[in-house]
Amino acid sequence: MDNRKDITDTADIRLLVDEFYARALADELLGPVFSSRISAEKWPAHKARIYLFWETVLLGVEDPEKRYGGSPFAPHIGLELEAAHFEKWLELFNDTVRKYFEGPKTDETVWRASQMAQLFLYKLTAMKTKGNIPLV
C-alpha cells in the first residue's frame, strides 16, 4: 500500500533532508565532497540550515527568526563540482523526495531542486571559464 503524502510541514522537511543526506554521504561521488567540507561535529548545524532553507522555500515561513537568511550558492564556491555531481545530487534528491512524498508541493520541490542545480552549475562553470564571480 502506498502511504505517501504531500510535503506539508517541518517534520516532512526533516525527513527529506535527513534521508537525502544519509544517501548522499554514502554515495561514492558525493560523499567525499560533503565530507571534505563538513566535519562530523558540524553536520547538525549544517542540516539545521538546510531544514530552514527548504522550510522557507516550500512552506513560506512567516516568522523571520525561523526563516532561512543566507546565500545557498556561496558555500559551493571553490568546490570542484562538475555536471556529474549535480546529476547525482538531483538523482538522489529526487529519488528521496519521490520515495516518501507525492502531490503538488512534492512536484514543486523536485522542480525547485532542478532549477537550483542548473543555476549552481551555470555559476560555477562561469567562474571557472570566465573568471567571473557571479552574484551570489
Side-chain angles (χ1 to χ4, degrees):
M1 183 170 119
D2 186 359
N3 60 354
R4 294 178 297 158
K5 66 176 197 76
D6 208 358
I7 297 170
T8 60
D9 58 26
T10 298
D12 295 336
I13 299 292
R14 288 176 179 258
L15 173 63
L16 169 59
V17 170
D18 291 346
E19 292 296 317
F20 166 73
Y21 276 114
R23 294 182 72 190
L25 284 168
D27 184 76
E28 65 184 37
L29 180 63
L30 297 181
V33 174
F34 284 115
S35 296
S36 72
R37 284 294 280 248
I38 305 168
S39 61
E41 64 272 1
K42 291 185 179 179
W43 269 104
H46 176 72
K47 288 199 315 186
R49 285 185 59 77
I50 303 304
Y51 299 149
L52 283 177
F53 172 79
W54 285 110
E55 288 169 10
T56 301
V57 168
L58 296 173
L59 305 179
V61 176
E62 298 291 327
D63 182 350
E65 296 295 318
K66 296 181 181 176
R67 203 178 310 148
Y68 178 82
S71 171
F73 176 70
H76 299 83
I77 295 172
L79 292 176
E80 293 298 321
L81 299 175
E82 304 292 335
H85 292 96
F86 289 97
E87 290 166 10
K88 179 54 93 169
W89 182 88
L90 273 176
E91 176 190 328
L92 294 179
F93 188 84
N94 292 344
D95 286 352
T96 305
V97 170
R98 297 292 185 198
K99 178 178 179 180
Y100 293 100
F101 304 103
E102 69 178 352
K105 191 61 72 173
T106 301
D107 295 339
E108 178 186 346
T109 304
V110 168
W111 177 81
R112 286 183 181 274
S114 174
Q115 296 302 300
M116 188 169 52
Q118 288 178 33
L119 180 62
F120 282 21
L121 179 58
Y122 172 80
K123 287 181 170 186
L124 290 171
T125 301
M127 290 175 70
K128 285 179 188 175
T129 59
K130 298 177 184 171
N132 297 337
I133 298 179
L135 295 175
V136 292

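Basis for what follows: all heavy atoms, side chains included, without hydrogens, waters or symmetry-related copies.
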**Student:** Identify the heavy atoms of Arg112 and Trp54 that sit nearest to each other, and give their distance.
**Tutor:**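 In terms of heavy atoms, the two residues are closest at CB-CZ3, 4.3 Å.
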**Student:** I'd like to know if the side chain of Asp6 and the backbone of Thr8 have a donor-acceptor N/O pair within less than 3.5 Å.
**Tutor:**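 Checking the backbone N and O of Thr8 against the side chain of Asp6, no donor-acceptor pair under 3.5 Å is found.
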**Student:** Nearest 0.5 Å please: distance from the CD atom of Glu91 over to the CG atom of Leu29.
**Tutor:**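 The distance works out to 10.0 Å.
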**Student:** Atom OH in Tyr51, atom CG in Leu15: separation rounded to 0.5 Å?
**Tutor:**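 Result: 9.5 Å between the selected atoms.
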**Student:** How close do Trp43 and Phe34 get, counting heavy atoms only, and between which atoms?
**Tutor:**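 Residues Trp43 and Phe34, closest heavy atoms: CZ2-CB, 3.8 Å.
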**Student:** Hydrophobic clusters here meaning ILVMFWY residues chained together by side-chain heavy-atom distances under 4.5 Å, can you tell me if Met116 and Tyr122 are in one?
**Tutor:**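 In one cluster with Met116: Tyr122, no.
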**Student:** Would you give the length of the straight line joining atom CG of Leu92 to atom OH of Tyr21, rounded to the nearest 0.5 angstrom?
**Tutor:**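 Between atom CG of Leu92 and atom OH of Tyr21 there are 11.5 Å.
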**Student:** For Leu52 versus Thr56, what's the shortest heavy-atom pair and its separation?
**Tutor:**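 Between these two residues, the closest heavy atoms are O-OG1, 2.7 Å.
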**Student:** Distance check, rounded to the nearest 0.5 Å: Thr106 atom OG1 versus Arg4 atom CZ?
**Tutor:**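 Taking OG1 in Thr106 and CZ in Arg4, the distance rounds to 8.0 Å.
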**Student:** Hey, what do you get for CG (Leu30) to CD (Glu87), rounding to the nearest 0.5 Å?
**Tutor:**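 Rounded to the nearest 0.5 Å, the CG-CD separation comes out at 11.0 Å.
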**Student:** Around atom CD of Glu28, are there more than 12 heavy atoms from other residues, nucleotides or ligands closer than 6.0 Å?
**Tutor:**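 Counting neighbours around CD of Glu28, 12 or fewer heavy atoms of other residues, nucleotides or ligands fall under 6.0 Å, so no.
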**Student:** Does the pair Trp89 and Asp27 meet the rule for a side-chain contact (heavy atoms from CB on, under 4.5 Å), with working shown?
**Tutor:** CA-CA 10 Å; Trp89 182 88; Asp27 184 76; over 6 Å; no
**Student:** What pairs meet the salt bridge (Lys or Arg N to Asp or Glu O under 4.0 Å) rule with one or both residues in residues 13-22, with sequence neighbours excluded?
**Tutor:**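 Counting only pairs at least two positions apart or across chains, the salt bridge (Lys or Arg N to Asp or Glu O under 4.0 Å) contacts touching residues 13-22 are Asp18-Lys47.
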**Student:** Counting C-beta onward and ignoring hydrogens, is there a side-chain heavy-atom pair between Tyr100 and Ile7 closer than 4.5 Å?
**Tutor:**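 Sidechains of Ile7 and Tyr100: no contact.
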**Student:** Give a yes or no on whether the backbone of Lys105 and the side-chain of Thr109 come within a donor-acceptor separation of less than 3.5 Å.
**Tutor:**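 Answer holds: yes.
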**Student:** Taking only residues two or more places apart in sequence or in another chain, which ones pass salt bridge (Lys or Arg N to Asp or Glu O under 4.0 Å) with Asp107?
**Tutor:**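 With neighbours one apart ignored, the set is Arg98.
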**Student:** Are more than 12 heavy atoms, taken from residues, nucleotides or ligands other than Lys5, located less than 6.0 Å from that residue's NZ atom?
**Tutor:**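 Check passes, neighbour count above 12.
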**Student:** Tell me the closest heavy-atom pair linking Glu108 and Val57, and the distance in Å.
**Tutor:**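 Looking at all heavy atoms of both residues, the closest pair is OE2-O, 4.2 Å.
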**Student:** Mind checking the CZ-OG1 spacing from Phe101 to Thr96? Nearest 0.5 Å is all I need.
**Tutor:**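 Here the interatomic distance stands at 10.0 Å.
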